[in-house]
Amino acid sequence: MIGILLAGGRGKRLRPITDHVPKPMVPLLGKPLLDYNLNVFKRNKIYRVIMTVCYKKEVIQQHAGFGHQNGLDIQYIEECEPLGTAGSLFASGGLFKETLAVLSGDALTNVPLRKAYKFHKEKGARITIVTARAERPEQFGVCLADQNGKLLSFLEKPTNVQLWTNQVSTGIYLVEPSLFEDYTLYGKADFAQDVFPMLLANQEPIYVYETNAYWQDIGTHPAYKLAEKRLKRGIPGITNRLQPFYPLSNTFPASVLSENERLAERLDVYSSMLKKQAGISDEKVLL
């Protein structure tokens with residue numbers, strides 16, 4: 001699997017914090033959310049990670065570098081403008097040869113991606129949506145599936161609170177690379193608003209993997225404060241195995257500075273790979 005971290009969001013609901021740092025760099029107990037998310041991949045033995053970045057991308061790249069110090073190979077897709085959760089992936093789809101484990105960069109989780117991957121392969125799914133129970137499902141994308149886990153309908157933030165299920169999309173997906181061979185979307189595109197309806201209309205195999213793992217969206221101030229409280233108490237699979245990537249400070253060790261210099265060099269040389277792909281800056285896809 002290739003890990004995909006969607007880290008380009010503006011984080012407007014977390015202003016004024018996100019006026020100064022991008023949403024993935026919002027600190028939780030002194031460590032950025034980004035570190036918690038990257039460790040999800042590492043715990044699941046996914047060592048190649050691609051981040052889609054846009055807003056204040058330099059802050060993210062300076063912090064994470066290429067991930068070598070933590071045993072990861074981190075690469076970047078830079079968006080000139082926000083392209084939604086799926087736009088830059090469709091623009092770069094020809095580069096993916098393995099199943100993608102897509103993780104939203106605005107949630108705290110210990111989701112077992114390997115178990116979800118096993119389910120995904122057993123079902124022969126094109127996409128598997130990882131779902132969790134929510135007390136207020138109308139605030140999320142609601143997934144209605146049959147007894148075998150096949151998605152029947154997807155309702156994005158429905159206005160009708162009389163719902164059949166409280167299983168909501170976590171923004172975590174398993175995606176087969178063949179999706180990008182058979183379908184084309186240009187510019188801004190979203191999994192919930194564009195991809196899922198398109199595949200459902202074509203009766204494609206989309207499945208729902210229900211997890212009891214910890215998952216919490218931290219995109220609002222109340223949710224953010226709740227996440228910090230829970231982290232202080234300890235969350236199995238998150239607090240007990242977290243390894244920070246770099247210290248959050250104004251100074252960095254020489255090894256990190258040299259890593260950032262190499263990053264700048266690579267930004268200069270990468271290449272015309274995506275020159276013709278709308279909305280993606282050429283020389284900005286580090287693959």
Side-chain angles (χ1 to χ4, degrees), residues 1-10 22-24 37 41 46 48-55 57 60-61 73-107 113 116-117 120-121 123-130 141 143 151 154 156-157 169-209 270-287:
M1 279 189 289
I2 301 173
I4 304 292
L5 184 61
L6 305 179
R10 177 65 176 82
K23 185 164 53 175
N37 285 332
F41 292 126
I46 301 172
R48 184 185 177 198
V49 177
I50 300 170
M51 278 195 266
T52 65
V53 293
C54 185
Y55 175 68
K57 56 184 176 287
I60 294 172
Q61 291 172 324
D73 177 14
I74 299 176
Q75 302 159 322
Y76 299 90
I77 297 176
E78 293 194 5
E79 299 174 350
C80 297
E81 58 185 31
L83 293 178
T85 58
S88 61
L89 299 184
F90 274 89
S92 309
L95 303 174
F96 305 134
K97 306 302 179 185
E98 304 174 50
T99 302
L100 305 183
V102 181
L103 184 66
S104 175
D106 58 3
L113 290 174
Y117 175 75
H120 173 78
K121 288 298 186 181
K123 296 296 185 181
R126 212 72 180 286
I127 292 181
T128 292
I129 305 170
V130 178
C143 299
L151 185 69
F154 183 89
E156 178 68 5
K157 298 180 180 178
S169 171
T170 61
I172 302 170
Y173 316 122
L174 283 299
V175 182
E176 286 303 302
S178 60
L179 176 72
F180 307 108
E181 298 173 4
D182 297 339
Y183 291 90
T184 301
L185 290 174
Y186 296 102
K188 187 174 182 179
D190 188 83
F191 276 106
Q193 297 177 5
D194 303 302
V195 179
F196 298 156
M198 177 175 64
L199 297 188
L200 285 170
N202 290 336
Q203 299 183 335
E204 291 276 8
I206 307 177
Y207 280 82
V208 168
Y209 176 79
Y270 280 95
S271 84
S272 58
M273 186 181 296
L274 298 180
K275 281 184 177 179
K276 295 183 180 180
Q277 295 177 344
I280 300 292
S281 172
D282 63 57
E283 303 183 0
K284 296 297 185 181
V285 179
L286 307 187
L287 292 172

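Heads up: numbering here begins at 1 and tracks the sequence. All figures in this text were calculated on a predicted structure; none of them were measured in a lab.
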Notebook entry, point to check: Should we say atom NZ of K123 is surrounded by more than 12 heavy atoms from elsewhere, each under 6.0 Å from it?
Noted result: yes
Checklist line | Contact summary for E176 and T99, nearest pair of heavy atoms | finding: OE2-OG1, 2.7 Å
Margin query: Give me the atom names and distance for the closest heavy-atom approach of Q61 to V53.
Written below: NE2-CG2, 4.3 Å
Next item on the list: Measure the spacing between CG of L185 and CG of L83 and express it to the nearest 0.5 Å.
Entry: 11.5 Å
Next item on the list: Any chance you could measure Y207, atom OH, to L151, atom CG, to the nearest 0.5 Å?
Entry: 10.5 Å
Checklist line | Criterion side chain to side chain contact (heavy atoms under 4.5 Å, CB included) against T52, the qualifying member of L89, L5, V102 | finding: L89
Check: Where do I50 and F96 land on the side-chain contact (heavy atoms from CB on, under 4.5 Å) test, with the steps shown first?
Finding: CA-CA 11 Å; I50 300 170; F96 305 134; 3.9 Å; yes
Notebook entry, point to check: About how many Å separate CD of Q193 and CE of M198, when rounded to the nearest 0.5 Å?
Noted result: 13.0 Å
Check: So, N202 side chain and E204 main chain: donor-acceptor pair closer than 3.5 Å or not?
Finding: no
Note to self: Quick one, Y173 and I4 - any side-chain contact, counting heavy atoms below 4.5 Å?
What the structure shows: no
Check: Looking only at heavy atoms, what is the nearest atom pair of V195 and A86, with distance?
Finding: CG2-CB, 4.0 Å
Check: Any side-chain heavy-atom pair from L6 and D106 closer than 4.5 angstrom?
Finding: no
Item checked: Closest non-hydrogen atom pair, P205 against G124 -> CG-O, 3.7 Å
Next item on the list: Before giving the answer on side-chain contact (heavy atoms from CB on, under 4.5 Å), spell out for D194 and K188 the whole-Å C-alpha distance, their side-chain angles and the decisive distance to 0.1 Å.
Entry: CA-CA 10 Å; D194 303 302; K188 187 174 182 179; over 6 Å; no
Next item on the list: Check whether any side-chain heavy atom of F191 lies under 4.5 Å from a side-chain heavy atom of I129, and answer yes or no.
Entry: no
Next item on the list: Starting at CZ of F154, measure out to CG of L200 and round the result to the nearest 0.5 Å.
Entry: 9.5 Å
Margin query: Would you say that F90 contacts L179 through its side chain, given a criterion of any heavy-atom pair below 4.5 Å between the two side chains?
Written below: yes
Item checked: For M51 against I60, the heavy-atom pair lying closest together -> SD-CG2, 3.9 Å
Note to self: Could you measure the distance from the OG atom of S92 to the CD1 atom of I77? Nearest 0.5 Å is fine.
What the structure shows: 3.5 Å
Checklist line | Closest contact, heavy atoms only, G3 versus I46 | finding: N-CG2, 3.4 Å
Note to self: Taking the side chain as everything from C-beta on, heavy atoms only, tell me whether R48 gets closer than 4.5 Å to Q75.
What the structure shows: yes
Check: Between atom OH of Y209 and atom OG1 of T128, what is the distance when rounded to the nearest 0.5 Å?
Finding: 10.5 Å
